[in-house]
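Worksheet: the structure to be examined is printed underneath.
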Number of protein chains: 2
Amino acid sequence: MSANMKDVADLAGVSLSTVSRVINDSNLVSKDTAYKVKTAIKKLDYQINESARVLRTNISKLVGIIGAGMDNPFLMKTLKSMEAEAIKENYNIIYGDSDGELEQELYYINMLKQKKIDGLIIITAKFSDELIEMVRSIQIPTVFASGYIKNPDLVAVTVNNVKAAEDVSDYLFNFSDYFGIIRGPYKDSVASEERMIGVINKYRENNVKLKDKYISEGDFSYESGYRAAQELFKKNSDLKTIFSFSDQMAIGAIRYCYDNNIKIPEDVSIVGFDDIEVARFTKPSLSTVSQSGAELGVKSMKLLLKLMNNESVTNNKEFVSHKLVIRESSKSINIIKS
Amino acid sequence: MSANMKDVADLAGVSLSTVSRVINDSNLVSKDTAYKVKTAIKKLDYQINESARVLRTNISKLVGIIGAGMDNPFLMKTLKSMEAEAIKENYNIIYGDSDGELEQELYYINMLKQKKIDGLIIITAKFSDELIEMVRSIQIPTVFASGYIKNPDLVAVTVNNVKAAEDVSDYLFNFSDYFGIIRGPYKDSVASEERMIGVINKYRENNVKLKDKYISEGDFSYESGYRAAQELFKKNSDLKTIFSFSDQMAIGAIRYCYDNNIKIPEDVSIVGFDDIEVARFTKPSLSTVSQSGAELGVKSMKLLLKLMNNESVTNNKEFVSHKLVIRESSKSINIIKS
DNA sequence: ACGATTTCTGAAAACCATTTCATTATTTAC
DNA sequence: GTAAATAATGAAATGGTTTTCAGAAATCGT
């Protein structure tokens with residue numbers, strides 16, 4: 001059907017090796033020959049057969065990304081910027097959505113390995129031993145994005161959840177003696193666990209007992225935020241402030257307040273986490289921790305590119321910057337504005 | 001490094017051909033032999049070399065998806081469900097974000113072709129001749145998702161934009177003599193063009209002249225919706241109703257109203273398009289045209305799978321269902337509720 | 001002008017699976 | 001029991017590159 005290297009070689013009157021050299025920009029081929037080959041390539045509209053090349057070299061120029069929940073706006077930004085970063089170096093992205101299921105993750109890892117990916121990025125909230133063992137066994141450069149991981153061998157990029165939660169806590173203690181928390185799942189969410197640690201630190205620092213009834217669990221979705229707010233208000237009639245571990249849950253909570261005639265920020269202040277795009281446009285707009293999904297994507301991919309090129313990676317843990325952005329959903333006290 | 005088919009063959013005491021047959025579930029191999037081979041595979045932890053297989057068969061089990069603006073919540077759902085649908089049949093997704101740039105699209109198409117993708121889905125708003133020509137030339141089964149395309153040869157799945165816009169128009173004419181329109185870009189947005197046609201149809205049917213000042217252009221983003229609303233109100237002091245061609249723009253517009261003391265829906269009713277997840281949680285929640293991104297994804301991928309399997313495709317244009325969902329942003333008049 | 005480098009090119013092996021064709025072993029049919 | 005059909009297996013060709021090794025041609029040094 002389409003021309004192969006042999007055809008080009010014949011037309012140009014040279015050998016296979018020479019054509020290959022021209023294609024790979026080898027410097028040991030003369031100008032004249034190179035020119036002949038190039039015109040032959042043009043004339044035949046020759047395109048290299050990638051699978052043959054991969055078979056021979058074991059280099060696929062493919063990066064696998066296994067992600068949990070592409071319908072999360074924050075992660076979508078991350079994914080998009082990862083892709084943009086990868087394509088600069090001519091890497092394509094194979095994406096698999098694990099929905100956060102370990103089984104799916106393992107399945108994809110195996111599948112992607114067979115496709116000969118050169119590198120892998122895993123976006124997950126849970127770090128089971130099984131997953132880590134699998135990653136180790138495949139012997140493919142891997143970066144974990146989002147979700148801190150204690151293991152010193154693993155390469156990871158993440159927001160500093162503890163610090164960010166501390167910042168929010170500091171801010172909220174300005175308003176009231178305690179604040180309600182809409183946390184993420186108890187099970188398997190490292191991010192949620194770490195943010196909780198930040199909160200606990202600050203409760204302790206302020207000598208306030210962190211009671212169970214201040215805490216309500218969500219799953220990061222809008223709906224769960226709505227329900228969690230309901231629960232919080234039922235248990236704490238005098239609640240003045242809420243820290244939600246995701247913007248989506250915060251927006252759900254705001255909606256609950258609206259439905260129940262609770263004024264924000266007059267009656268209650270709410271702070272979210274993520275700074276998704278819509279956070280600036282809700283009514284009231286949402287105070288939140290801004291962490292750049294794009295930055296997460298870029299940093300992770302850059303790190304992976306280094307690993308794939310065997311460049312030395314001095315620091316295998318990187319933090320993505322964050323800042324507390326105060327908007328209308330919380331009473332303003334001179335802190336960072338946006 | 002890792003075992004290959006030869007190793008398996010040797011260990012099992014059979015030939016290469018036999019191993020290959022076992023792997024491919026060929027029925028012309030005896031139970032006993034098959035068993036021997038399978039245990040050998042297990043013992044060696046043998047994994048097939050995909051690139052060799054692809055080289056030989058020209059089947060990669062890879063589907064390319066080229067998308068424009070995947071940070072759009074609606075398209076995220078689409079992408080996710082495409083992936084889910086593909087993996088059921090053991091196809092992996094290679095994803096490239098074109099940002100809607102033709103140049104990028106062409107670049108990706110070429111790149112993906114080299115990676116030997118078995119099928120391609122293109123999500124774009126613009127259908128230049130160049131793009132269509134390119135798609136034709138690569139000879140790979142292709143489906144266009146989102147954005148109707150007149151060309152009878154091409155396979156496409158899309159929402160019925162004209163009809164949907166007509167539905168909204170009918171609804172809005174209940175409230176007032178004319179309504180403002182926040183449309184999508186004039187340039188290269190088929191969806192926007194088609195929705196405009198629906199609007200025009202109904203203006204004509206109602207014998208109302210559609211004046212230029214009723215129309216304001218956005219680019220589907222939150223910000224542009226804010227600005228467009230501003231423009232509309234400046235030009236039409238008595239504006240009572242707005243049809244926004246995306247939810248994101250509608251939310252931007254709502255925010256503008258809020259900032260300018262315009263009450264929704266008391267003063268102005270707004271209807272969006274897409275029914276993104278947050279639309280149910282904004283304040284007021286957003287009346288909109290619900291079109292399922294998931295359905296779009298599933299239908300497109302199913303169609304592509306058929307094409308790739310050479311099954312006959314009776315209808316190469318499919319519509320995704322839509323319905324008008326009335327929420328708080330528009331005064332209710334007994335129509336569909338949600 | 002002669003040997004020593006350097007530059008350029010080609011032949012052939014390697015990567016690993018699939019598939020056709022031929023062959024042997026086993027059944028079936030009569 | 002023999003011919004004919006069927007089932008099971010293997011040998012070898014094939015797909016299209018990259019890369020090592022060796023050799024030819026050109027350049028250099030003196």
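Per chain, numbering begins at 1; letters A, B, ... match sequence-line order.
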| To the nearest angstrom, how far is A:Ile59 atom CD1 from C:dA14 atom P? | 20 Å
| field | Nearest-nucleotide 5' precedence on DNA chain C, B:Ser20 against A:Arg21 | value | A:Arg21
| query | Does A:Thr18 place a side-chain N or O at less than 4.0 Å from the phosphate oxygens OP1/OP2 of C:dG10? | reply | yes
| request: Please figure out whether B:Glu50 or A:Ser30 has its closest DNA chain C nucleotide nearer the 5' end. | output: A:Ser30
| Does a nitrogen or oxygen in the side chain of B:Tyr46 sit under 4.0 Å from OP1 or OP2 of C:dA17? | yes
| field | Sugar-phosphate only, base, or nothing, as touched by A:Ile48 at under 4.0 Å among non-hydrogen atoms | value | sugar-phosphate
| message | Please report the distance, rounded to the nearest Å, between CG in A:Asn49 and C1' in C:dC16. | response | 14 Å
| query | Under 4.0 Å between a side-chain N or O of B:Ser17 and OP1 or OP2 of D:dG10? | reply | no
| said: I want to check something: taking the side chain as every heavy atom from C-beta on, are A:Val8 and A:Leu16 in contact at a cut-off of under 4.5 Å? | reply: no
| said: Check B:Asp219 with B:Lys187, please: is the shortest side-chain N to carboxylate O separation under 4.0 Å? | reply: no
| request: Taking only the side-chain nitrogens and oxygens of B:Asn4, find out if one of them lies under 4.0 Å from OP1 or OP2 of C:dC16. | output: yes
| Heavy-atom check, side chain of A:Val135 versus side chain of A:Ile109, under 4.5 Å | yes
| said: OP1 or OP2 of D:dT9 versus the side-chain N and O atoms of B:Thr33: is any pair under 4.0 Å? | reply: yes
| task | Classify the side chain of B:Arg53 and the base of C:dT18 as holding, or not holding, a donor-acceptor pair under 3.5 Å. | result | no
| said: So A:Val54, base contact, sugar-phosphate only, or nothing? Heavy-atom distance under 4.0 Å. | reply: nothing
| request: May I ask you to decide if A:Phe319's main-chain N or O and A:Lys299's side chain share a donor-acceptor pair within less than 3.5 Å? | output: yes
| said: Counting only side-chain heavy atoms from C-beta out, which of D:dG10, D:dT19, C:dT19 sits nearest to B:Ser15? | reply: D:dG10
| At under 4.0 Å between heavy atoms, what does A:Asn58 touch on the DNA or RNA strands: base, sugar-phosphate, or nothing? | nothing
